[in-house]
Each structure stands twice: as C-alpha cells, then as structure tokens.
Amino acid sequence: MRPATTGLAVAATRRRFLTVTGAAAALALAGSLVETPNARGTPTAYRDPRPLFTLGVASGDPLPDGVVIWTRLAPDPLAPFGGMDQRRVPVEWEVAETADFGRATRRGTAQARPEHAHTVHVDVRGLRPWRHYFYRFRAGGQISPVGRTRTAPAPKTAVSSLSLAFASCQAWFEGFYTAHADLARHDHDVVFFLGDYVYEFGADTGVRPGSGEQHALRHATTLDDYRERYALYKLDPDLQAAHAAAPWVVTLDDHEIVDNWADETDPNDPAADLLVRRANGFRAYWEHLPLRLDRLPEGPNLRLYRRLRYGTLAEFHLLDTRQYRSTQATGAGTKPPSPESADPGRTLTGAAQERWLLDGLANSKTRWNVLGQQTAMAQLDTAAGAEVAVPMDSWDGYPASRERILGGAHRRGVRNLVSLGGDLHRSVASDLKLNFSDPDSPTVGTEFVGTSVSSGMDGVDHDPRGLTLLAENPHIRYHNSQRGYVRCTVTEREWTTDYRVADRVTTPGGTVTTRARLVVQDGRPDIQPA
C-alpha cells in the first residue's frame, strides 16, 4: 500500500526510479518532455506520400465547453516512431457542427512531436454544451478520417435521456472486434472503456492473420514495445470506427502494464522493477488515447481517477484500482477468504482516492451516481457447496475496502449508486449488498459487469463456472460468458441495460444481438428484467 502522494513522496519515487533505470528510461520518465535537438525551431512545410492517419482519430473526456481530439501520424505503424523521423510536424485541426465542415466552429494548429510518438492531443474549448460536433486533422497534404463527438451538458441542465456504452478486455489475438463494429453502428453520447485496452504479452497462437508474427508475439516491456502494441490494436478498422463514432472515457486495468500488477509489485515476477514498466506502459497509454495534456504521466505515475457530470442526471466517478492498491492477499488467483484478505488496513483504491470518491458521492447533485471501474464489486463465490473461494484480484480480495465504499455510500444516503465494471470476461449483473453473506441485507446499489470484447474467444451462454456463480451468489441476477459489450439508456425514472452479445469473434462477420435487457428504477436498486 502506498500512502497518499505528497511532493516529497513524488520526489523520492522519481529519485528511486532514476536510480534503477538510468538514462535509457529518460524519455518515459520525463514529465516535461525532452526535446530532441533536431526538433527545435520553427517547423518547415511537411509533405509525405505515405498514408499518415493510419490509426484513425478519437475524442474523449467531454466537458460542457470542450473535448479532447486525438490522432497520430504513423505511416509505418509497427516501426519505431511509426516510421516518422525526428522532426516536429504541424497538424491542422478543425471542429464543426456539420459533417461537411462548411463553417468551422474552432480550428488551429498543433505540433506532432517525436517525443509524443507524433501523437496529437488537442483540448478544444469554447464549444457549446450538449452538442454534437465533427472533427478532422490535416498534415503532410493529407486529411484524416472524420470523427463525431459530443460535449457534456451544463451542470444544472435537466437531461431527459443519456445513451452510453461500456466495454473492456480486447485481446487482439483472441478475436475480431465484432462488438466494436456493432457499437459504432449505434448512437451513443459517450463510451467508457474500463481496462485491458491492450495485452502486454504475446501469444504463440491466435485466431487473427498475423498472430504468429514477431510484433504480435513480443512481450512488451520497453517504450517501443508498448507503442508497437497500441499501434497493432489501433490498426483494427472496427476499433477505429468505434472511436470515431463517440467520445471515449478511459481507465486502465492490469494488462496495459503487466498481468495482476499492484502498486509497485509484480506478483508474477518479484525480481522485476515494476516502476520501469509502469513508466513505459503509462507513456504509451497516454500517447494513444484521447486524454488531456494535464494527464501526461510523470514517470511511473499517472493520475487517472476523475469525474464527469451529465447535467442533473448522472455523475461518473472514474476509478484507478491498480496504482494505489495493496498487494493481493496470498497472491492472485481464486482462493478462500483469509485473515490476510480481511485485514481492515488493506485497500484497492488507496486512502486519498477513497476519500475523494466518498466526498464526491456525498456532494453529488445528480439523480444517478456511477462508478466506472475495472472489476466486480459484488462477491463472486466460485466454489460449489459450503466452501467459499473468491478472486483475490477483484474487490473480493479487499472486502474492507469494499465495505468502506458501499457502507460509506449507504450511510451518506447516496442516491442510485451504479457500478460499471469489466475484467471477468463474462457478463454479471448483481445487486450490491451491505453484507453479501446475508441475502436479507440491504441492497445499496447495482452492478453491471460487462464481458470482454474478444478476450477468451467465443465463449458460451453459460459455462460451469457461470452456473456455479448463479447457484452460490443469490445477489447475481444475470450471467453470460460470451463476448460483447453493454449499452445503457438512463432517464430520471430508470436505468436500462442491454447486454449485447456476439455469436462469434474467432471468425469475421459475427452477429451481435441483445441477450438480456435489465432495468433499475429510480430509488429501487434491485435489478428487474425489462
């Protein structure tokens, strides 16, 4: 467990990081970016016959008056620096209310820097609340694809309806992005991605063409490795379409760095110095997603938890349950609860983030209060009969931390608490209880865990583990272990969740349908079928 960050703590962490990494990690470490000598000065006119916008466009973190728009110049995406040389390139951008860009609302020029892997993050401000906008970029005599985004409503606006989607876990080698193709065909005000955007490990087998090539097999550890991995994933046309269709709000889980990492610990390799990988992984993560410039990592530290508000209807609290957590009790995996896991001092969020969350929930003025986080809050007993075994990497491995959040929200009278999660590679909808061992315990919130986009390959409707989950956990109201994503429609009166399921992802052309529609009424946290 790491204490709340202070200036001294940050300085100490940076000193230790420099000691163990040396100059080779300077680029990833630098909070204020290091310029290369030939990147200085006024940029000259740039022309390039090669396609530049190979990784598409994206937008994210919408505010009432602004949104981040993103792209990357990468004519050779899987090569170091995307095939670009060590020069800055001016990139023009424009935002308009119509797709023909007949009248630009905002426009400007940004610099695609080699220190950023020639990515561009433009924090566009001066936009109108709750409006759709179109955006595009121009560089090297070329024009990017067009993206569509939407700003958030003003804080005191009464919003009649909000359409959102959320997804997680998209192992490229295990399936096609059938879910993203379907997501892109629907109109969403905002999309949440809740972790495992990329996987750090390569696989010696895979269902996609090219899964056996060196770029897919390499285990990512260096900054170049992580950049290459993001480029590989973002080459997918369905993922590009999903990004271009709506603004995304993102947080990460473990595989963006390494499986099951916790704070400064890698349980799979205790001898490894995780700070090096964190710096490299965080840098590539920020470079390739539509995050604001003020989210630029400082070496092995990346501030990700934040809030977004949609008028008086909903407030979203995005969590980071990796950087500040205690190490998994008795190691990761599914195990019986133990005195170690029950230790009241253990935390999944860290003390500072926990206070931030509870204070924010207590002060919320919205109808719905939503947690966007990585895994399941509900208890998941996976053992049949009297024995109990729970996943130690989820909230089950940190029951005191869970009680402080759910119990704290209950004591503060938080209205309509909804948790959105991922990680499980299965869909699980649950009533959130004060005491999961007592079916009569008060229900204090609702949880919708979404399945993976592709991780785990096709799956089935109910596997043996899923049947056990349903039998042993009466608070679980729905289960499915196929691939897909989740769509939600939120009004003042009810929250409606559609679990969208793909019939297959191991071959192209799969079909996505609604497997279940579940409803939560305002003021009644128990889940009901629609």
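- Among all heavy-atom pairs drawn from P77 and T54, the shortest one is CG-OG1, 3.3 Å.
- When each of R227, R295, R113 is tested with E287 by the rule salt bridge (charged side-chain N to carboxylate O under 4.0 Å, His left out), just one qualifies, namely R227.
- Not a single donor-acceptor pair under 3.5 Å links the side chain of S401 to the backbone N or O of Y398.
- The closest side-chain heavy-atom distance from T119 to H116 is below 4.5 Å.
- Of the charged side-chain nitrogens involved, none lies within less than 4.0 Å of a carboxylate oxygen, so that R106 and E94 do not count as a salt-bridged pair.
- For the atom pair OG1 (T321) and CG (L304), the distance works out to 10.5 Å, reported to the nearest 0.5 Å.
- The pair R50-D48 meets the salt-bridge criterion, with a side-chain N (NZ, NE, NH1 or NH2) lying under 4.0 Å from an Asp/Glu carboxylate O.
- In this structure, I257 CD1 and D266 CG are separated by 11.0 Å, a value rounded to the nearest 0.5 Å.
- The only member of Q373, R322, Q374 that meets side-chain hydrogen bond (donor to acceptor under 3.5 Å, both in side chains) when paired with D253 is R322.
- Using a cut-off of 4.0 Å between Lys/Arg side-chain N and Asp/Glu carboxylate O, D294 and R292 are scored as not salt-bridged.
- Between R426 and D463, the closest side-chain pair of non-hydrogen atoms falls below 4.5 Å.
- Of the N and O atoms on the side chains of S427 and N480, not one donor lies less than 3.5 Å from an acceptor on the other residue.
- Atom CG of L469 sits about 7.0 Å away from atom OG1 of T382, to the nearest 0.5 Å.
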Discussion item. Walk me through whether T507 and R504 qualify under side chain to side chain donor-acceptor pair (under 3.5 Å).
Written reply: CA-CA 7 Å; T507 56; R504 68 186 190 277; 2.8 Å; yes
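- In this structure, a donor-acceptor pair under 3.5 Å is absent between the side chains of T330 and E340.
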Worksheet item: Would D236 and R208 satisfy salt bridge (charged side-chain N to carboxylate O under 4.0 Å, His left out), going step by step from the backbone distance to the final call?
Response: CA-CA 11 Å; D236 183 273; R208 289 205 191 217; 2.8 Å; yes
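- Looking at H317 and R307, their side chains do bring a donor and an acceptor atom within 3.5 Å of each other.
- In this structure a side-chain-to-backbone donor-acceptor pair under 3.5 Å is missing from R355 to Q353.
- Heavy-atom minimum distance, S211 versus L217: O-CD2, 3.7 Å.
- Using a 4.5 Å heavy-atom cutoff, the side chains of L357 and I405 are in contact.
- The shortest side-chain heavy-atom distance between L55 and T71 does not fall under the 4.5 Å cut-off.
- In terms of modelled atom types and a separation under 3.5 Å, the side chain of D225 and the main chain of A220 share no donor-acceptor contact.
- At least one cation-pi condition fails for R229 and F201: the charged atom is not both under 6.0 angstrom from the six-membered ring centre and inside a 45 degree cone around its axis.
- The shortest distance between side-chain heavy atoms of I143 and F137 does not fall below 4.5 Å.
- Judged by distance alone, the side chain of R88 and the main-chain N or O of Q86 form no donor-acceptor pair under 3.5 Å.
- Side-chain contact annotation: Q170 with S452, donor-acceptor N/O pair under 3.5 Å absent.
- T347 contributes a side-chain N or O that, together with a main-chain N or O of T349, makes up a donor-acceptor pair within less than 3.5 Å.
- In this structure, D254 does not pair ionically with R325, as no charged nitrogen and carboxylate oxygen lie closer than 4.0 Å.
- Remark: the backbone N or O of H425 is paired with a side-chain donor or acceptor of R483 at under 3.5 angstrom.
- Residues M392 and S341 share a closest heavy-atom pair of SD-CB, 4.0 Å.
- The heavy-atom pair separating L380 from L424 by the smallest distance is CD1-CD1, 3.8 Å.
- No cation-pi contact links R148 to Y133, judged by a cut-off of 6.0 Å to the six-membered ring centre and 45° from its axis.
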Practice prompt. Evaluate the side-chain contact (heavy atoms from CB on, under 4.5 Å) criterion for residues H215 and L232: first the C-alpha distance (whole Å), next the side-chain angles of each, then the deciding distance (0.1 Å), finally the verdict.
Written response: CA-CA 8 Å; H215 62 76; L232 173 64; 3.6 Å; yes
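- Of all heavy-atom pairs between A117 and R72, the closest is O-NE, 2.9 Å.
- Checked by atom type, the side-chain pair H255/E200 shows a donor-acceptor distance below 3.5 Å.
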Practice prompt. Assess whether side-chain contact (heavy atoms from CB on, under 4.5 Å) is satisfied between C169 and Y199, documenting all intermediate values.
Written response: CA-CA 8 Å; C169 305; Y199 280 68; 3.5 Å; yes
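- Separating the CD atom in E447 from the OG atom in S419 is a distance of 4.0 Å, to the nearest 0.5 Å.
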Worksheet item: Does the pair V67 and D61 meet the rule for a side-chain contact (heavy atoms from CB on, under 4.5 Å), with working shown?
Response: CA-CA 6 Å; V67 68; D61 276 12; over 6 Å; no
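- Listed here is the closest heavy atom pair of M377 and L371: SD-CD1, 3.8 Å.
- Partner of H288 under the ring-ring contact (aromatic ring centres under 6.0 Å, His included) criterion, out of Y230, F282, Y233: Y230 alone.
- A donor-acceptor distance shorter than 3.5 angstrom exists from the side chain of S455 to the backbone of A171, with no hydrogens or angles considered.
- Judged purely by distance below 3.5 Å, without hydrogens or angles, the side chains of D320 and Q323 pair a donor atom with an acceptor atom.
- Remark: the T451 side chain and the Y485 side chain contain no N/O donor-acceptor pair separated by less than 3.5 Å.
- The salt bridge (Lys or Arg N to Asp or Glu O under 4.0 Å) search around D458 returns none, not counting sequence neighbours.
- L183 is listed as a side-chain neighbour of V191, based on a closest heavy-atom distance under 4.5 Å.
- V453 places a side-chain heavy atom less than 4.5 Å from the side chain of H180.
- Looking only at side-chain heavy atoms (C-beta outward), Y499 and Q482 stay at 4.5 Å or farther from each other.
- Looking at R278, its side chain never comes within 3.5 Å of a backbone N or O of D273 through a donor-acceptor pair.
- In summary, D189 and R150 engage in a salt bridge, as defined by a charged side-chain N under 4.0 Å from a carboxylate O.
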Practice prompt. Determine, step by step, whether S59 and T149 satisfy the side chain to side chain donor-acceptor pair (under 3.5 Å) criterion, reporting the C-alpha distance in whole Å, the side-chain angles of both residues, the deciding distance to 0.1 Å, and the verdict.
Written response: CA-CA 6 Å; S59 69; T149 191; 2.9 Å; yes
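- The cationic group of R303 lies under 6.0 Å from the six-membered ring centre of Y305 and within 45° of the ring axis, placing it in a cation-pi geometry.
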Worksheet item: Stepwise, does the side-chain contact (heavy atoms from CB on, under 4.5 Å) test hold for V124 with V68?
Response: CA-CA 6 Å; V124 183; V68 178; over 6 Å; no
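- Of the candidates F448, Y197, F316, F166, F316 is the only one forming a ring-ring contact (aromatic ring centres under 6.0 Å, His included) with F192.
- A distance of 10.5 Å separates OG in S454 from CG in D196, rounded to the nearest 0.5 Å.
- Remark: the backbone N or O of A139 is not paired with any side-chain donor or acceptor of E92 at under 3.5 angstrom.
- Judged purely by atom type and a 3.5 angstrom limit, Q328 has no side-chain atom pairing as donor or acceptor with the backbone of G397.
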